[in-house]
Amino acid sequence: MKNSLVYGHNSKDQVEVKQMLEPILDLQFAEHETADEQPYYFAGQISGERFCIYLNYNDSDNYWNYPEHQQYKILLLINETTRAVPLQKMLAEKIPELVLLEVYEEC
């Protein structure tokens, strides 16, 4: 079964979160921009497990990506993972300020 995980972090800096995650996940995040020029960081496979760090608030369009979690400035989205439980345990242990907000089952 594949899951998606959504985490929140109170940092105001995506690079800070990126630098915390890279050694723990053994990944290199690459900087990208959304269509409306919002920065985000991506690592993983286009079709498979992938990680994305982005701002919760989109200031160019004035909306929250996750309005129910406005207290978190930075979001980590992990998509199509088959290792949700081990990732949750590892992130909770290594970066306790990274808060698990939602878990989705994927078909």
Side-chain angles (χ1 to χ4, degrees):
M1 172 183 12
K2 293 183 180 181
N3 295 91
S4 287
L5 310 173
V6 181
Y7 283 87
H9 196 281
N10 282 323
S11 174
K12 294 178 181 161
D13 183 9
Q14 290 173 294
V15 174
E16 178 186 357
V17 175
K18 170 186 159 316
Q19 290 171 341
M20 282 189 266
L21 288 167
E22 284 180 331
I24 292 167
L25 297 172
D26 194 26
L27 293 171
Q28 293 295 311
F29 285 89
E31 185 175 4
H32 296 276
E33 284 187 351
T34 63
D36 53 7
E37 300 180 358
Q38 295 293 305
Y40 72 96
Y41 292 87
F42 178 85
Q45 305 296 318
I46 298 299
S47 60
E49 185 179 71
R50 54 196 179 278
F51 300 78
C52 188
I53 301 167
Y54 59 97
L55 298 171
N56 192 8
Y57 186 71
N58 182 318
D59 56 358
S60 61
D61 287 337
N62 297 317
Y63 73 88
W64 292 91
N65 289 299
Y66 283 83
E68 63 276 19
H69 301 296
Q70 292 181 22
Q71 68 271 35
Y72 298 103
K73 308 294 183 228
I74 306 293
L75 299 173
L76 167 66
L77 185 60
I78 305 172
N79 286 329
E80 294 190 34
T81 185
T82 57
R83 53 191 187 124
V85 172
L87 281 171
Q88 289 174 45
K89 288 179 182 178
M90 179 177 57
L91 291 172
E93 178 184 313
K94 305 275 184 177
I95 311 176
E97 64 272 20
L98 193 64
V99 178
L100 180 62
L101 304 175
E102 299 183 24
V103 178
Y104 300 101
E105 281 187 26
E106 298 183 16
C107 299

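Small disclaimer: the values here were computed from a predicted structure and weren't measured. Just so you know, residue 1 is the first one in the sequence shown, and it goes up from there.
- How far CZ of Phe42 is from CD of Gln28: 14.0 Å, rounded to the nearest 0.5 Å.
- With 3.5 Å as the limit, one finds no donor-acceptor pair spanning the side chains of Asn3 and Thr81.
- With a 4.5 Å cut-off on side-chain heavy atoms, Gln88 and Leu5 count as touching.
- Clustering ILVMFWY residues whenever any of their side-chain heavy atoms sit less than 4.5 angstrom apart, transitively, puts Leu101 in the very cluster that holds Tyr66.
- With contacts defined as side-chain heavy-atom distances shorter than 4.5 Å, the pair Leu21/Leu91 qualifies.
- Listed for the Asn56 side chain is a donor-acceptor partner under 3.5 Å among the backbone atoms of His69.
- Judged by distance alone, with hydrogens and angles left aside, the side-chain atoms of Gln38 form no donor-acceptor pair with the main-chain N or O of Asn58 at under 3.5 Å.
- Remark: His32 pairs with Tyr40 by the ring pair (Phe, Tyr, Trp, His ring centres under 6.0 Å) rule, at least two apart or across chains.
- Scanning for salt bridge (charged side-chain N to carboxylate O under 4.0 Å, His left out) contacts around Glu22 gives Lys18, with sequence neighbours left out.
- If you take CE on Met1 and CD on Glu105, they are separated by 4.5 Å, rounding to the nearest 0.5 Å.
- Taking all atoms of both residues into account, the shortest heavy-atom contact from Cys52 to Phe29 is N-CE2, 4.4 Å.
- A donor-acceptor contact shorter than 3.5 Å links the side chain of Gln70 to the backbone of Pro67.
- Note that the CG atom of Asn10 and the CD atom of Glu16 stand 10.5 Å from one another [nearest 0.5 Å].
- With sequence neighbours left out, the salt bridge (charged side-chain N to carboxylate O under 4.0 Å, His left out) criterion links Glu49 to Arg83.
- With Gln14 contributing its side chain and Pro39 its backbone, the two residues share a donor-acceptor pair below 3.5 Å.
- Using a 4.5 Å cut-off between side-chain heavy atoms of Ile, Leu, Val, Met, Phe, Trp and Tyr, with links allowed through other members, Val6 and Trp64 fall into different hydrophobic clusters.
- With sequence neighbours left out, the side chain to side chain donor-acceptor pair (under 3.5 Å) criterion links Asp26 to no other residue.
- Both Leu27 and Met90 are part of a single hydrophobic cluster, where members link through side-chain heavy atoms under 4.5 Å apart.
- Nearest heavy-atom pair across Val15 and Tyr41 is CG2-OH, 3.2 Å.
- Hydrophobic clustering of Ile, Leu, Val, Met, Phe, Trp and Tyr side chains at less than 4.5 Å, counting indirect connections, keeps Leu77 apart from Met20.
- Listed here is the closest heavy atom pair of Leu75 and Gly8: CD2-CA, 4.2 Å.
- Applying the salt bridge (charged side-chain N to carboxylate O under 4.0 Å, His left out) test to every pair with at least one member in residues 57-75, sequence neighbours left out, gives no pairs at all.
- Separation of atoms OG1 (Thr34) and CG (Leu55) is listed at 9.5 Å; rounding is to 0.5 Å.
- Looking only at side-chain heavy atoms (C-beta outward), Val99 and Glu97 stay at 4.5 Å or farther from each other.
- Between the side chains of Tyr57 and Asn65, not a single donor N or O lies within less than 3.5 Å of an accepting N or O.
- Atom CD of Glu33 has more than 12 neighbouring heavy atoms from other residues, nucleotides or ligands inside a 6.0 Å radius.
- Contact of the Leu76 side chain with the Ile74 side chain is not registered, since no non-hydrogen atoms from C-beta on lie closer than 4.5 Å.
- With sequence neighbours excluded, no residue satisfies ring pair (Phe, Tyr, Trp, His ring centres under 6.0 Å) with Tyr72.
- Here CD1 of Ile78 is found 13.5 Å from OH of Tyr104. Values are rounded to the nearest 0.5 Å.
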